[in-house]
Structures are given as structure tokens and as C-alpha cells.
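First up is the structure itself, then whatever we jot down about it.
No hydrogens, no waters, no symmetry mates; every other heavy atom, side chains included, goes into these values.
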Amino acid sequence: MTSPTVAPPEALSTPRLWASGVATLALFIALAGDGIRHLLGLWGFVTVSILTGVACVILLVVLRPVYNRRRTPKALLAFMAFATLSVAWSAYPGASLFTLAGMLLCTIAGVFLALCFDWAQVVRVFANAIKWVLALSILFELWVSVVVRDRVLPFWVDFGDGEPPLLAYWSRNLLFEGGKIQGILGNSNLLGIIALFGILVFAVQWAAGTVRRASAIAWLAVAAAEFLLTRSSTMIIAAAIVAVVLAGALLVRNAPTPARRTPVYLGGLALFIAGVAAVSLLNQQLLALLGKSDDLTGRLDIWQTVVETASQRPWFGWGYSSPWVPWVEPFEDLVVRRGVLQLHAHNAWLDVWLQLGVVGVVLFTAVILSTLWRSWFAAVDRPRFDLRDDRQHSVLSVLPVLLLVVLLVQSLAESRILIESGWVLLVLLCLKTKQHPTIDAGAPDASTRLAEAGR
């Protein structure tokens, strides 16, 4: 085989450095969106997001990544097309257009990452973005506890003379009190998932030997510490499920023939059934262990309200709006919890049903299942991009399925997979596993026309 032509490093330095910086910034904005809104307000966040999206488009034009049209993820296109068409019957067309613009910006970021970077580069820029969020989060909590010594509200909220609800605080000054820290995001659950992402990404980098051992250990310690300090029950469950999925993937890898893999899959199915049975029979004990109330911290009431509202328009929904726009009906007073207006259903699947009906749920399920299928077999099958069949599995190949599993567990308690970091990562994984399904350091990944990038 002839190797692809590669431009001299000096010719590539400027566009590639810009691409790496913009990719890290885009991921940071996606991960830390709540914190940026607390600091700059909604319109400040919108401005930063638009500028970053424009930068991604410019770099896509400059780098001209190779795109295989036959490997277009049709389920993703169908879901996005249906969400866009929902403006025609939306109960709030202006809000639908506003949030569709947000979906477009997140999609641009995901496409930029998927097409302009190989798998190892994606992991590196993702790791860099996570480091910024984790470092700023712990420094922010230290500043609040050491300097401010009181709870801190976001800059752009005003409760007048009234007492702000507890959920409205950016930081509750709990770092030295053993409470749940919220970091720059102002939300312990969101910080928990980023910390879990960090644990997975830093561990994979260490195992792959792509970073220094001391650096990997240090950042793993930071991620693990913040994960523990958030005490997010959803992410604790996600971490346990990720461990099971990782073990299953490694077992399947070592059972190369279908006959040997069947017992592993049957064992996984049995474990899943046992898990469902345990949750059904021991739900009270498990909730107590995780520190959750019987109503799942108010989620049951939220879900009931969403189900009742979605049932009024079951097939095509009320119209796309992720997140909910709080100044339009029915969202302006649909769910208020502890004095704070909620902007999502705390369950992505119910949210899709509410907004896009049964049809939307079917299309969204197709996106998830197709991405999960490709991610799983990228993790367990030996890489084959040439005539050799003796290549070793890449350490990086387990990461996409593990990240997707975390997103799916989170989707049962939050709707984050539909917006910002969740949607960016879903688009990235969906498109990347379709365009470049072989995850191997030695695989030719035609992410960019490097010879033309320096022109």
C-alpha cells in the first residue's frame, strides 16, 4: 500500500495548532456551559458559542477533511431533520428556532471534531478540555471557601429582597464541610459526569502510553477526588455499569470466535436481568444507600408532569425545544422545583417524547442503537484496515463505548445528551464511528488533507 502524502510539519503547524486550540475551546464551552452562563449571562454565552462555531466552520473549510458520503449516519440526519420540521407544528415556533440554532452549533462542533482529528487527537483535545473544567472547578471552590467564605450566586440573577432558593446558588461553600461541591458549573451532577469522563480519558491515555505517567496519575487523582466530592448517585451508578461493560468488552476480545463469544453475551444478558430484578425488588434499600429519597429527589413528580403534557400531543410532540425556553408556554411554569424553574425533563427519553412525540423517540433510539452498535464492535473486534489479521487491539478503542454508556445512564436522570456537551459528544461518536470505524494508532485516518492544510 502507498502511504498518503503528508505536508512538512512547518507547513501544518499554524492550521493544526489553530484547529487544536479551537477544538479544546469548543469542548470546554460545551462542558462548562452552565458556568459560562453564570459568569457572562445567557447572551454572553450565546455570543461566545457563535464565535466558536464560526471558527469551527472556517477551519473545516481550510482543512477540507475527507468525507465519505456513503458513510453518512442516516439516523442522525433523520432525527435532526424531524426536529427541524417540528417548527411547522410547534406550539412555540420562535423557541424551536432558537434552540435549533443551539443544536446546529453543537452539531458543527461535533462534526469538526469527528472529521478534522484522528481518534488519538480527539482523545487529547477532550482530555485538555476536561482538565480546564476540573482545574477551574477546584480553584473556584477553594476561592469560595477560603476567600468568600459564603455561598455565591451567579452574576446575572436577581432575587430582590427574597431569599434565593438553594438550587440557584453557583457554589454553596461546601468544600470543607463535606457537602457536594458544584464547581464552575454550579451543579454537582454535571461536575460528576465530567470527572467520570476524566477518569476514563486519563486512564486510557495512561494505558496507551500517550502521556507521561506522572501527569496521568496527577490528573487521575484530581478527577477521582472531584468525582468523590460531587457524590453524584447517577454517576456512581454509571461508573459501576461502565466497569461491567469494560469487563465484558475485554472478555469478548479474548473470545475471538462467535462460539466463544456467545457465553459472554449470555452472561451479560443474565447479569442485566439480575440487575433489573434487584432494582425492582430492592429499590428502597438501593435508594437509601445512594442517599436518594423515595421520589428520586423530586424526579417522579417531574416525570409525571412531563408524561401528562406529552400525552396531549403523543405522536409528533409539542415541537423541538432543548433546553426548554422558559418564557413560552407551557414551559414558563411547567415544572418548578424548590423555587427554581426547571428547563428539562430530567430524562432525555421523556424529553424527546414531549418535544417530538413517538416518532421522535423512534428516531432518537435509532441514533443511539446504531452508535452503540458501532462503538461496541470497534471495542471488541480486532482492527482490520488492511490484509493483516494479527493486529493488536488499540487501548483507545474501548473509550467510545464507555463514554456512550455514561451518556446513556445520565439520560435516564438528566436530558443533557440532547444539549451542549451531550449532543456534541453524541454527534462526534455517531459520525466518527461511521466515518472511521477502525480505532487503531496505526490505521490510516483520512481526517484531513494534510498536504493542502498548509497552503
Side-chain angles (χ1 to χ4, degrees), residues 27 71 73 75-76 110 113-114 117-124 126-127 130 193-208 210 223 234-235 237-256 258 261 264-269 271-272 275 348 364-385 391-412 416-417 421-441 443 445:
L27 279 170
R71 289 187 170 273
L76 180 64
L113 288 160
F117 299 88
D118 62 31
W119 281 105
Q121 292 167 341
V122 168
V123 173
R124 184 172 66 250
F126 189 34
I130 292 172
I193 192 174
I194 295 174
L196 181 54
F197 283 155
I199 292 171
L200 296 175
V201 171
F202 302 148
V204 164
Q205 285 185 311
W206 183 9
T210 58
T234 303
M235 289 303 103
I237 295 171
I241 295 175
V242 161
V244 173
V245 171
L246 177 59
L250 296 178
L251 286 172
V252 172
R253 277 187 177 187
N254 294 321
R261 289 184 173 187
V264 179
Y265 285 124
L266 291 176
L269 178 61
L271 188 61
F272 173 77
F364 184 67
T365 302
V367 175
I368 296 298
L369 290 180
S370 60
T371 307
L372 187 61
W373 178 274
R374 293 192 298 271
S375 299
W376 173 257
F377 285 105
V380 302
D381 285 345
R382 194 177 299 277
R384 293 289 300 273
F385 54 86
R391 292 189 179 275
Q392 296 300 311
H393 291 283
S394 169
V395 175
L396 300 181
S397 64
V398 300
L399 190 57
V401 70
L402 300 183
L403 295 178
L404 187 57
V405 166
V406 174
L407 288 174
L408 289 178
V409 174
Q410 186 197 37
S411 74
L412 300 177
R416 203 72 180 186
I417 197 172
S421 59
W423 187 253
V424 171
L425 289 175
L426 182 58
V427 171
L428 165 63
L429 295 174
C430 182
L431 181 58
K432 191 69 174 172
T433 56
K434 187 72 172 180
Q435 288 284 312
H436 307 116
T438 299
I439 306 176
D440 182 78
D445 187 343

Can you name the nearest heavy-atom pair linking [X] to [Y], along with the distance?
{"X": "A114", "Y": "L431", "answer": "CB-CD2, 3.8 Å"}
{"X": "R374", "Y": "P73", "answer": "NH2-CB, 4.5 Å"}
{"X": "L396", "Y": "A120", "answer": "CD1-CA, 3.7 Å"}

Any sub-3.5 Å donor-acceptor pair from [X]'s side-chain atoms to [Y]'s backbone N or O?
{"X": "Q435", "Y": "R71", "answer": "yes"}
{"X": "R253", "Y": "A379", "answer": "yes"}
{"X": "R416", "Y": "Q410", "answer": "no"}
{"X": "S411", "Y": "A348", "answer": "no"}
{"X": "K432", "Y": "F117", "answer": "yes"}

In Å and rounded to the nearest 0.5 Å, what is the [atom1] to [atom2] distance from [X] to [Y]?
{"X": "S421", "Y": "I194", "atom1": "OG", "atom2": "CD1", "answer": "6.0 Å"}
{"X": "M235", "Y": "I199", "atom1": "CE", "atom2": "CD1", "answer": "11.5 Å"}
{"X": "I193", "Y": "L425", "atom1": "CD1", "atom2": "CG", "answer": "8.0 Å"}
{"X": "L196", "Y": "L402", "atom1": "CG", "atom2": "CG", "answer": "9.5 Å"}

Next on the checklist: Are more than 12 heavy atoms, taken from residues, nucleotides or ligands other than F377, located less than 6.0 Å from that residue's CZ atom?
Outcome noted: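 Buried by this count: over 12 neighbours within 6.0 Å.
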Do [X] and [Y] have side-chain heavy atoms sitting under 4.5 Å apart?
{"X": "P400", "Y": "W119", "result": "yes"}
{"X": "V406", "Y": "L200", "result": "yes"}
{"X": "L407", "Y": "W423", "result": "no"}
{"X": "L404", "Y": "W376", "result": "no"}

Next on the checklist: Run V395 and W206 through side-chain contact (heavy atoms from CB on, under 4.5 Å) and show every step you take.
Outcome noted: CA-CA 10 Å; V395 175; W206 183 9; over 6 Å; no
Checklist entry - Do R124 and D118 pass the salt bridge (charged side-chain N to carboxylate O under 4.0 Å, His left out) test, and can you show the C-alpha distance, the side-chain angles, and the key distance before you say yes or no? => result CA-CA 10 Å; R124 184 172 66 250; D118 62 31; over 6 Å; no
Item to check | Qualifying residue, where the test is side-chain contact (heavy atoms from CB on, under 4.5 Å) with F126 and the options are L428, V201, L113, L399 | outcome: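 The residue from L428, V201, L113, L399 that satisfies side-chain contact (heavy atoms from CB on, under 4.5 Å) with F126 turns out to be V201.
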Taking distance alone, no hydrogens or angles, what donor-acceptor pairs closer than 3.5 Å link side-chain atoms of residues 366-373 to residues at least two apart or in another chain?
residue	atom	partner	partner atom	Å
S370	OG	A366	O	2.8
S370	OG	V367	O	3.0
T371	OG1	V367	O	2.8

